[in-house]
Peer 1: 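So that we are looking at the same thing, I have put the structure below in structure tokens.
Here the structure is a predicted model, which means the values were calculated and not measured.
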Amino acid sequence: MQTRLIVVRVGAWVAIALAGMASLASAVAQTNAVAVVVAVVVNDKNPVTNVTTAQLRKLFAGEKHAWAGGLPVKLFVRAPGAYERVVLLKLLDMSESEYKRYWTAQVFRGDAQAEPIALFSNGMQKEALIAFPGAVALVNFQDVKGGMKVVKVDGRLPGEAAYPLN
């Protein structure tokens with residue numbers, strides 16, 4: 001009987017401790033939650049200053065191959081798991097597997113030479129944007145650095161009301 005009572009008491013303490021940890025984790029997550037705003041960035045020498053959401057979809061779907069003036073478009077995307085990748089998939093209305101199948105089909109048909117280059121950090125994207133004049137990427141707005149030019153989407157900058165990539 002005494003053993004059973006100890007097990008019940010220990011079980012109750014474990015349940016209370018777990019509930020407390022869950023509450024703490026929830027509170028920490030809410031405190032640390034920062035709204036991530038994703039910017040469309042291009043090489044700072046690219047003359048583009050604004051794109052529409054429809055043009056942005058065409059760019060990242062590989063349907064638009066050149067900027068105004070003939071500069072070839074070079075797509076850079078974040079690797080799976082990055083928040084910018086989630087925004088990209090939402091923009092294209094695709095899941096990760098649909099995105100992979102889409103680009104495999106594009107390459108198979110000859111509509112693209114390869115799927116966009118997936119980079120693992122915003123630092124790598126910055127280097128790619130500097131190296132390729134026609135480069136375009138989605139970057140956490142807080143990580144925009146020199147050599148990257150933020151492009152308006154539908155006439156709005158990241159963080160403004162009705163900005164489509166919030």
Peer 1: If you define the side chain from C-beta out and look only at heavy atoms, does anything of L75 sit under 4.5 Å from F132?
Peer 2: no
Peer 1: Report the residues that fulfil ring pair (Phe, Tyr, Trp, His ring centres under 6.0 Å) with Y163, sequence neighbours left out, ordered by chain and then residue number.
Peer 2: none
Peer 1: So, are E160 and K152 salt-bridged, with charged N and O less than 4.0 Å apart?
Peer 2: no
Peer 1: W103 side chain to P116 main-chain N or O, any donor-acceptor pair under 3.5 Å?
Peer 2: no
Peer 1: Using atom types as modelled and distance alone, determine if a side-chain donor or acceptor of R156 lies under 3.5 Å from a backbone N or O of A161.
Peer 2: yes
Peer 1: Tell me, do R85 and E96 make a side-chain contact under 4.5 Å, heavy atoms counted?
Peer 2: yes
Peer 1: So, the side chain of R78 versus the backbone of A118: is there a donor-acceptor pair under 3.5 Å, distance only?
Peer 2: no
Peer 1: State which residue, out of T49, V144, N43, L129, fulfils the side-chain contact (heavy atoms from CB on, under 4.5 Å) condition with K149.
Peer 2: T49
Peer 1: Can you check whether E84 reaches V77 side chain to side chain, under 4.5 Å on heavy atoms?
Peer 2: no
Peer 1: Check R57 with E63, please: is the shortest side-chain N to carboxylate O separation under 4.0 Å?
Peer 2: no
Peer 1: Hey, could you give me the CG/CG distance between L56 and L138, rounded to the nearest 0.5 Å?
Peer 2: 6.5 Å
Peer 1: Give the C-alpha distance, both sets of side-chain angles, the deciding distance and a yes or no for side-chain contact (heavy atoms from CB on, under 4.5 Å) between V37 and L165.
Peer 2: CA-CA 7 Å; V37 178; L165 302 180; over 6 Å; no
Peer 1: Quick one: OG1 on T104 to CZ on R109, what's the gap to the nearest 0.5 Å?
Peer 2: 10.5 Å
Peer 1: Look at the side chain of Y102 and the backbone N and O of A61, then say whether any donor-acceptor pair between them is shorter than 3.5 Å.
Peer 2: yes
Peer 1: Check whether any side-chain heavy atom of V139 sits under 4.5 Å from a side-chain heavy atom of V150, and report yes or no.
Peer 2: no
